[in-house]
Amino acid sequence: MASENNGKHQVVVVGSGFGGLFSTKSLKRSDVEVTMVAKTTHHLFQPLLYQVATGILSQGEIAPPTREVLAGQKNAQVLLGTVTDVDLEARTVRHHVLGRETVTHYDTLIVAAGASQSYFGNDHFAEFAPGMKSIDDALELRGRIFGAFEMAENAAARGEPTDHLMTFVVVGAGPTGVEMAGQIAEMAHKTLRKDFRSIDTRKARIILLDAAPQVLPPFGAKLGAKAKRELEKIGVEVQLGAMVVAMDERGLEVKDKDGTTRRIDSVAKVWAAGVQANPLSKTLSEQSGAPLDRAGRISVNPDLTLPGYPEVFVLGDMISLDNLPGVAQVAIQGAKYAAKEIDNRLKNKAPQPPFKYFDKGSMAIISKFRAVASVGKLKLNGSLAWLMWLAVHLIYLTGFKNRISALLSWAITFIGNDRSERTVTEQQIFARLALEKIEGTTRLVSAPGEFDAAMEAKRAELEEKAAEETRLTDQGKRGVHVDA
Ligand SMILES: Cc1cc2nc3c(=O)[nH]c(=O)nc-3n(C[C@H](O)[C@H](O)[C@H](O)COP(=O)(O)OP(=O)(O)OC[C@H]3O[C@@H](n4cnc5c(N)ncnc54)[C@H](O)[C@@H]3O)c2cc1C
């Protein structure tokens with residue numbers, strides 16, 4: 001099991017999310033070297049993204065730098081890069097950052113690259129309704145939501161219609177959609193109500209729609225119905241059996257269960273429906289023959305390894321095993337299991353029994369002091385569920401300083417109705433689409449070598465300019481008039 005490099009067993013971890021970070025941390029005391037390759041420099045606590053999008057928390061509070069989190073773990077290094085290929089036979093991982101390619105060898109590979117938003121074959125909807133998967137998404141949404149109120153104030157001042165600017169549509173009535181709709185309603189009805197002169201933000205329409213017949217299906221029918229009632233109480237219009245069939249900059253078309261199609265004019269739309277496993281699962285499937293399910297998740301063995309490749313573990317949102325849900329605990333518990341298995345193998349210990357997921361329950365916040373929680377047979381709603389939500393999120397947020405800071409931000413919002421993170425910039429709103437138009441950031445940096453050649457030419461020019469400046473000073477020629 002020795003590596004080709006320095007004798008230590010090399011573990012490569014793809015991703016710095018729940019699966020990636022927890023497996024790396026769990027290998028702290030193992031006789032291995034861990035290289036984490038991730039496409040962002042932070043570990044993201046996705047369950048709180050909607051609070052960044054609605055101005056409650058800053059991005060730093062939910063996304064600490066992975067490098068900082070792992071600073072004390074001497075056997076772990078972090079490399080920024082997007083993994084584009086895995087060669088299961090050569091045991092290498094190919095990753096890129098800004099056009100620079102690195103190939104890293106592994107003895108054991110842990111793939112925890114998560115999932116992305118699925119638009120159910122309508123990828124063009126993404127232009128008009130950003131999903132909620134990354135810090136970029138959350139900041140873009142923050143810009144679009146607060147920006148819509150700004151545009152409405154302008155339109156109202158000009159005496160023009162504002163309905164399309166004051167209607168917010170959230171597609172998908174799962175936990176993210178419910179939380180997002182609830183927060184936009186609180187913001188419109190409480191936080192912003194005194195800040196505008198030409199519009200009354202309390203008149204904003206917040207629509208939560210879903211093709212399914214109920215809100216929060218994983219919480220069961222009873223709790224789902226309670227959540228719907230709570231949402232309606234705070235002014236959210238819940239439209240069920242409503243399928244989005246078309247979308248543009250100014251609105252969307254919805255087909256109802258009875259077959260009728262209607263249009264909703266809305267500039268600020270949020271997509272919180274559907275996930276698709278990371279495309280790396282396809283790469284692994286093509287080489288191993290392991291099948292993919294409809295959401296692109298790869299089938300793994302009961303010990304979370306890739307069929308035929310015991311040295312490759314796949315975790316979290318990427319796997320299809322025993323109908324496991326796409327939740328953080330599946331990734332965290334899987335990460336600890338995989339790390340233990342790697343350690344056992346190095347110590348020639350017997351393998352563990354198959355991975356068994358322990359369901360710790362789910363919860364979703366609806367508004368100030370109102371939440372729903374489903375923990376085993378226990379179904380809670382109201383303020384007790386909200387307190388549980390608070391405790392769980394404080395425990396799982398990474399880093400002491402993030403917990404303190406989040407607690408202060410929550411006090412500002414939940415006690416005072418205010419929001420500390422309302423800053424938005426034009427770049428937040430338009431950067432994603434602008435980058436897509438120029439085909440990504442790599443177009444903005446020079447290729448390796450090209451930069452060096454350009455710099456050499458520049459160096460000669462700078463040296464000449466410096467010599468001239470020195471000459472003028474040394475010869476006392478500054479401020480001295482010389483007749484031509
Ligand atoms: C908005 C939202 C709210 C949620 N709320 C809850 C909740 O309340 N409770 C709950 O339990 N779960 C919730 N989830 C689900 C939970 O966050 C996921 O199940 C969990 O993050 C899965 O962990 P993971 O490690 O598989 O993937 P992730 O945590 O998504 O991590 C994937 C990592 O891989 C990196 N990556 C992706 N592609 C590449 C690549 N090609 N190369 C290198 N790195 C790559 C990413 O940058 C990221 O670091 C929520 C998810 C979202 C999006």
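Order of listing sets the numbers, starting from 1, for every ligand and every atom in it. Numbering of residues begins at 1 and proceeds along the displayed sequence.
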Look only at interatomic distance and state if [X] has a nitrogen or oxygen under 3.5 Å from any nitrogen or oxygen of ligand 1.
X	answer
Thr176	no
Gln46	yes
Met318	no
Val14	no
Gln329	no
Gly326	yes
Ala38	no

Is the cationic atom of Lys340 (NZ for Lys, CZ for Arg) positioned less than 6.0 Å from the six-membered ring centroid of Tyr337 and within 45 degrees of its normal?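 No, Lys340 does not lie over the aromatic ring of Tyr337.
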
Within a radius of less than 6.0 Å around CG of Asp85, do more than 12 heavy atoms belonging to other residues, nucleotides or ligands occur?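 More than 12 heavy atoms, drawn from other residues, nucleotides or ligands, come within 6.0 Å of this atom.
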
Counting only heavy atoms not in Gln427, do more than 12 sit closer than 6.0 Å to its CD atom?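 Counting other residues, nucleotides and ligands, CD of Gln427 stays at 12 neighbours or fewer.
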
Between the candidates [options], which shows the shortest non-hydrogen contact distance to [atom]?
atom	options	result
atom 24 (P) of ligand 1	Ala331, Ser134, Ala364, Ser23	Ala331
atom 14 (N) of ligand 1	Ala113, Pro47, Ala53, Ala272	Pro47
atom 16 (C) of ligand 1	Gly361, Ala328, Gly20	Ala328
atom 32 (C) of ligand 1	Gly316, Gly15, Ala112, Pro279	Ala112
atom 44 (N) of ligand 1	Met180, Lys39, Met132	Lys39

Please check if the distance between the ring centroids of [X] and [Y] is under 6.0 Å.
X	Y	answer
Trp386	Phe414	yes
Phe18	Phe45	yes
Phe313	Phe355	no

Look at [atom] and say which protein heavy atom is nearest, naming residue and atom and giving the distance to 0.1 Å.
atom	value
atom 25 (O) of ligand 1	Gly19 N, 2.7 Å
atom 27 (O) of ligand 1	Gly114 CA, 3.3 Å
atom 26 (O) of ligand 1	Asp317 N, 2.9 Å
atom 28 (P) of ligand 1	Gly17 CA, 4.0 Å
atom 40 (C) of ligand 1	Val83 N, 3.6 Å

Would you tell me whether [X] and [Y] have side-chain atoms, one donor and one acceptor, within less than 3.5 Å of each other?
X	Y	result
Lys379	Ser374	yes
Asp343	Ser30	yes
Thr305	Asp303	yes

Quick one: closest heavy-atom pair of Ser23 and Ala339, and the distance?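 Nearest heavy atoms, Ser23 then Ala339: O-CB, 4.0 Å.
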
Tell me whether ligand 1 is touched by Pro175 - counting only heavy atoms on the residue side and a distance under 4.0 Å.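 No; Pro175 lies far enough from ligand 1 that no heavy-atom distance drops under 4.0 Å.
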
Please determine whether any non-hydrogen atom of Gly131 lies less than 4.0 Å from an atom of ligand 1.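 Under 4.0 Å: no for Gly131.
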
Report yes or no: does Ser320 contribute a side-chain atom to a donor-acceptor pair with the main-chain N or O of Arg297 at less than 3.5 Å?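 Looks like no, no N/O pair under 3.5 Å.
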
Distance-only, no hydrogens or angles: does the Asn402 side chain make a donor-acceptor pair with backbone N or O of Glu61 under 3.5 Å?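 A pair under 3.5 Å: yes.
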
Residues Lys8, Asp31: salt bridge by 4.0 Å N-O rule: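 So Lys8 pairs with Asp31 through a salt bridge.
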
Under a 4.0 angstrom heavy-atom cut-off, which atoms of ligand 1 come close to [X]?
X	value
Gly81	42 (N), 43 (C)
Lys133	53 (C)
Phe18	17 (O), 20 (C), 21 (O), 23 (O), 25 (O), 29 (O)

With salt bridge (charged side-chain N to carboxylate O under 4.0 Å, His left out) as the test, would you mind laying out the steps for Lys368 and Glu186 before giving the verdict? CA-CA 8 Å; Lys368 200 167 156 167; Glu186 294 237 301; over 6 Å; no

Hey, is Asn278 touching ligand 1 through its side chain, its backbone, both or neither, going by heavy atoms under 4.0 Å?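 Under 4.0 Å from ligand 1, Asn278 contributes side-chain atoms alone.
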
